[in-house]
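Since the structure is predicted, the reported quantities are computational estimates derived from the model, not experimental observations.
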Amino acid sequence: MDPKELLGKAQILFVEGNEEESIKVFTQALDAGADPFIVYLSLGVAHMKLRKPDKALEDFDKAIEANSKNPRPYYYRAMLYMDSDEYEKAITDLTSALELKPDLHFAKFARATAHGRLGNIDESAADFKAVIPLMEENMQSFADQYGMVRTQVGKVMSQLSGERETPAVQLNEEEMRTLKKWLDGEK
């Protein structure tokens, strides 16, 4: 089968929720000569969805080797690091993604969350303040992407409101209302 056909078949399998089978076909596509960047990025996302972080990490590393100028593998690898509480690594990857694509608002939101988890209050506040007005324009995309960092945000929210013993992030009342509205799933 042609590499493009195999890649298309693998993508359909993934979208249909058949990650295990899509991984097999993505691998066949790679062997047939498909673009390694696309294949490794796709494999990483599939492994991530299957909760195989070590395999996903390897795939994202290979995607970055194939194309270090694309922000997506840095973003997804950062999500793996966030999930394993490796916030410094997450911040490094999110910063790399933002250097490549400054308008990647979800990366800035995730970086604000990672900074908050580390107690880097000024950096967290700066990212939140920068991203709140920009993300309001596209609430549905935010809600979709927000799920990837939801487990971390609750802990940061206690810092934002000053409920924890760590210093509170200095957001004004309107910024706090907007952020809480998003976190509660309101439009």
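For A114 against M82, the heavy-atom pair with the smallest separation is CB-SD, 3.5 Å. Considering every non-hydrogen atom in both I23 and L50, the closest pair reads CD1-CD1, 3.6 Å. Minimum interatomic distance between M79 and A110 (heavy atoms only, all atoms of both residues): CE-CB, 3.5 Å. The shortest non-hydrogen separation linking A130 to K108 is CB-CD, 3.9 Å. The two residues F60 and L41 come nearest to each other via the heavy atoms CE2-O, 3.7 Å. Scanning all heavy atoms of the two residues, the minimum distance from P3 to A29 falls at O-CB, 4.0 Å.
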Can you list the steps and then say if L118 with I91 is a side chain to side chain contact (heavy atoms under 4.5 Å, CB included)? CA-CA 10 Å; L118 287 173; I91 289 167; 3.6 Å; yes

Going through the checks in order, is the side chain to side chain contact (heavy atoms under 4.5 Å, CB included) test met by R51 and D83? CA-CA 10 Å; R51 300 209 166 273; D83 197 42; 3.8 Å; yes

Between D127 and E123, is the side chain to side chain contact (heavy atoms under 4.5 Å, CB included) condition met? List the steps. CA-CA 6 Å; D127 277 348; E123 293 89 345; 5.7 Å; no

Please report the C-alpha distance between L57 and Y81 in whole Å, then the side-chain angles of each, then the deciding distance to 0.1 Å, and finally whether the side chain to side chain contact (heavy atoms under 4.5 Å, CB included) criterion is met. CA-CA 9 Å; L57 187 60; Y81 290 140; 3.6 Å; yes

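In terms of hydrophobic clustering, with Ile, Leu, Val, Met, Phe, Trp and Tyr side chains grouped at heavy-atom distances under 4.5 Å, I38 and F14 are assigned to a common cluster. With hydrophobic clusters built from ILVMFWY side chains whose heavy atoms lie under 4.5 angstrom apart, F37 does not share a cluster with I64. Both Y76 and L30 are members of a single hydrophobic cluster when ILVMFWY side chains are connected at heavy-atom separations under 4.5 Å. There is a path of hydrophobic side-chain contacts, each under 4.5 Å, that joins V45 to L43.
Expressed to the nearest 0.5 Å, how far CG of D59 lies from NE2 of H47 amounts to 5.5 Å. The structure places OG of S42 at 9.5 Å from CG of D35, a figure rounded to the nearest 0.5 Å. Taken from CD in E5 to CD in Q28, the straight-line distance is 12.5 Å, to the nearest 0.5 Å. In this structure, CG in L94 is found 10.5 Å from CZ in R77, a value given to the nearest 0.5 Å. Separating the CD atom in E19 from the CE atom in M48 is a distance of 12.5 Å, to the nearest 0.5 Å.
If you check the side chains of Y87 and D85, you find a donor sitting under 3.5 Å from an acceptor.
By the 4.5 Å heavy-atom criterion applied to side chains, E58 and Y40 are not counted as neighbours. Put simply, the side chain of E88 does not reach to within 4.5 Å of the side chain of T92, judged on heavy atoms. With a 4.5 Å cut-off on side-chain heavy atoms, F26 and L7 count as touching.
Ring pair F109/F128 is perpendicular by interplanar angle, where above 60° counts as perpendicular and below 30° as parallel.
In this view, E20 and K52 satisfy the side chain to side chain donor-acceptor pair (under 3.5 Å) rule, not counting sequence neighbours.
For the pair K101 and Y75, the cation-pi test (distance below 6.0 Å, angle within 45°) is failed.
With hydrogens and angles ignored, the 3.5 Å screen pairs no side-chain donor or acceptor of S124 with any backbone N or O of N120. Here the side chain of S68 pairs no donor or acceptor atom with the backbone of E65 at under 3.5 angstrom.
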